[in-house]
Amino acid sequence: MAFTKFVIRAFSTSTLHFNAVKTVTVIGSGLMGSGIAQVAAATGHKVTLVDKTKEIVDKAEVSIKKSIDRIVKKKFPDDAKAQLKYSTDVLANLNMSTDVLTAVKSSDLVIEAIVENLDVKRELFGLLDNAAPEKTLFASNTSSIPIKDIASVTKRKDKFGGLHFFNPVPLMKLLEVIRIPETSDETYNLLDAFGKALGKTTVQCKDTPGFIVNRLLVPYMVEAIRLVERGDASPRDVDTAMKLGAGYPMGPFELLDYVGLDTTKFIIDGWSKRDPENPLFKPSPILNKLVDDNKLGLKTGEGFYKYNKQ
Ligand SMILES: CCCCCCC[C@H](O)CC(=O)SCCNC(=O)CCNC(=O)[C@H](O)C(C)(C)COP(=O)([O-])OP(=O)([O-])OC[C@H]1O[C@@H](n2cnc3c(N)ncnc32)[C@H](O)[C@@H]1OP(=O)([O-])[O-]
Ligand SMILES: NC(=O)c1ccc[n+]([C@@H]2O[C@H](COP(=O)([O-])OP(=O)(O)OC[C@H]3O[C@@H](n4cnc5c(N)ncnc54)[C@H](O)[C@@H]3O)[C@@H](O)[C@H]2O)c1
């Protein structure tokens, strides 16, 4: 009896180990994709980070190296050898590519972190579904699009879920793991275990608008924009108020610039399309003007605020 129990335990442990995610393709090497790839590589996964052009992935590689530099200086303050070893090990796990269809062929998990647009995401997953092996799990890092609407273009809804990371990925400790009704328990458990292997605290949420964090954060951020649009206060004063009065690390306008105003606009427009009667999500003239002028926040050097280009 004891022996049988031992065999069952040993077998289930090895099955879990056998299935665990080891190779990951991250698609989209912008703010989020580069952070996700970095953290996955730093935790021992073999990662391929893919984007549309070599120029874009080269830029992502530079930003990952900068982030690793900041991390090693903190992690090993007076140990140049340890700093170098950490950086070399992380970068050895990371491969940059512009060939998504080849990259996914050897992946246990594909994480999509491309532009916040349903049609573009669906087109990508349609291609991936034909190219990736049957066992490969798919996840989207979408901020606000229902996972079911993205997953429905594939024939592997049981292997599909949401992995919603937070910006900046190397520092933010939370990961929302989203399941649609078709997501199998095995897929959910593997996605959750992957998140924990990345050192994140995971929370589970159904596929509801904004999941947990953005369901609360997006209305708050949009209210801040409306407040300024009405002329009630300046962005600077709103930010000061929320940092000193509510204890937030960044005020809403600093955070909007940090997230990217293009992504912010995609989120608001998408929400408005799904909930057209809600006045909160009506187009914002200030936001639209900034996006039209390519003032997208930190990434372009100007948004609600001006930044020194790094
Ligand atoms: C309307 C719609 C809008 C909704 C948008 C939703 C978007 C999305 O779906 C959800 C989100 O992500 S929501 C967004 C969720 N995100 C938030 O809400 C973020 C809110 N902000 C924060 O939590 C803090 O301001 C930060 C943690 C970003 C920076 O901390 P800080 O104290 O203000 O500033 P600091 O002194 O500069 O940095 C401190 C230390 O961190 C280090 N470091 C920094 N970046 C690094 C990197 N990339 N790599 C490595 N290291 C990095 C840095 O070197 C320094 O190290 P030191 O050795 O101590 O000198
Ligand atoms: N910015 C944030 O704070 C944040 C936080 C959590 C989740 N998200 C979500 O993550 C996703 C990415 O956001 P981001 O801020 O990293 O955007 P970003 O604009 O910084 O990066 C997107 C990248 O995707 C690439 N891309 C677009 N279409 C592609 C395709 N078909 N194939 C390969 N690459 C493609 C672009 O070239 C770009 O490099 C979005 O769905 C967004 O809602 C963003």
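This chain uses plain numbering: 1 for the first residue, then up along the sequence. Each ligand, and each atom within it, is numbered from 1 in the order the structure gives.
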K.L.:
Is there at least one pair of N or O atoms, one from Ser143 and one from ligand 2, spaced under 3.5 Å apart?
P.N.:
yes
K.L.:
In terms of atom number and element, which parts of ligand 1 are under 4.0 angstrom from non-hydrogen atoms of Leu217?
P.N.:
13 (S)
K.L.:
Without hydrogens or angle criteria, can the side chains of Asp158 and Ser184 be said to hold a donor-acceptor pair below 3.5 Å?
P.N.:
no
K.L.:
Looking at Lys148 and Glu182, does any basic side-chain N land under 4.0 Å from a carboxylate oxygen?
P.N.:
no
K.L.:
Report yes or no: does Met32 have a heavy atom closer than 4.0 Å to ligand 1?
P.N.:
no
K.L.:
My understanding is that we take every heavy atom of each candidate and find the minimum distance to atom 25 (C) of ligand 2. Doing that for Val50, Asp51, Val213, which one comes out nearest?
P.N.:
Asp51
K.L.:
Could Asp79 and Lys81 be called an ion pair, given the rule that one side-chain N must be under 4.0 Å from one carboxylate O?
P.N.:
no
K.L.:
Could you tell me whether the side chain of Tyr220 reaches within less than 4.5 Å of the side chain of Tyr248, counting heavy atoms only?
P.N.:
yes
K.L.:
Between Met32, Lys299, Glu116, Glu123, flag the one that comes closest to atom 18 (P) of ligand 2 by a heavy atom.
P.N.:
Lys299
K.L.:
Do Ile114 and Leu163 sit in the same hydrophobic cluster, where Ile, Leu, Val, Met, Phe, Trp and Tyr count as joined when their side-chain heavy atoms come under 4.5 Å apart?
P.N.:
no
K.L.:
Could you check whether Glu134 pairs with Lys159 (Lys NZ or Arg NE/NH1/NH2 to Asp/Glu carboxylate O, under 4.0 Å)?
P.N.:
no
K.L.:
For atom 47 (C) of ligand 1, which of Pro252, Ser67, Ser34, Ser63 has the closest heavy atom?
P.N.:
Ser67
K.L.:
Taking 4.0 angstrom as the limit, do Asp262 and Lys299 come out as a salt bridge?
P.N.:
yes
K.L.:
Numbering the atoms of ligand 1 from 1, which are under 4.0 Å from a heavy atom of Asn167?
P.N.:
12 (O), 14 (C), 15 (C), 16 (N), 17 (C), 19 (C)
K.L.:
Where does Lys121 meet ligand 2, judged by heavy-atom distances below 4.0 Å: at the side chain, the backbone, both, or neither?
P.N.:
side chain
K.L.:
Do any nitrogen or oxygen atoms of Ile114 lie less than 3.5 angstrom from nitrogen or oxygen atoms of ligand 2?
P.N.:
yes
K.L.:
Does the gap between the ring centers of Phe160 and Tyr188 come in under 6.0 Å?
P.N.:
no
K.L.:
Between Phe165 and ligand 2, which part of the residue brings a heavy atom under 4.0 Å of the ligand: side chain, backbone, both or neither?
P.N.:
backbone
K.L.:
If you measure every N or O of Asn167 against every N or O of ligand 2, does any of those distances drop under 3.5 Å?
P.N.:
yes
K.L.:
Leu31 versus ligand 2: do any nitrogen or oxygen atoms come within less than 3.5 Å of each other?
P.N.:
yes
K.L.:
Is there a polar contact between ligand 1 and Tyr258, counting only N or O atoms under 3.5 Å apart?
P.N.:
no
K.L.:
Under a plain distance cut-off of 3.5 Å, with no hydrogens placed, do Arg122 and Ser152 share a side-chain donor-acceptor pair?
P.N.:
yes
K.L.:
May I ask you to identify the nearest protein heavy atom to atom 1 (N) of ligand 2, giving residue, atom name and distance to one decimal place in Å?
P.N.:
Val259 O, 3.0 Å
K.L.:
Side chain, backbone, both or neither: which applies to Ile56 and ligand 2 if a contact is any heavy-atom pair less than 4.0 Å apart?
P.N.:
side chain
K.L.:
Can you sort out which atoms of ligand 1 are near Met221, meaning under 4.0 Å from one of its heavy atoms?
P.N.:
1 (C), 3 (C)
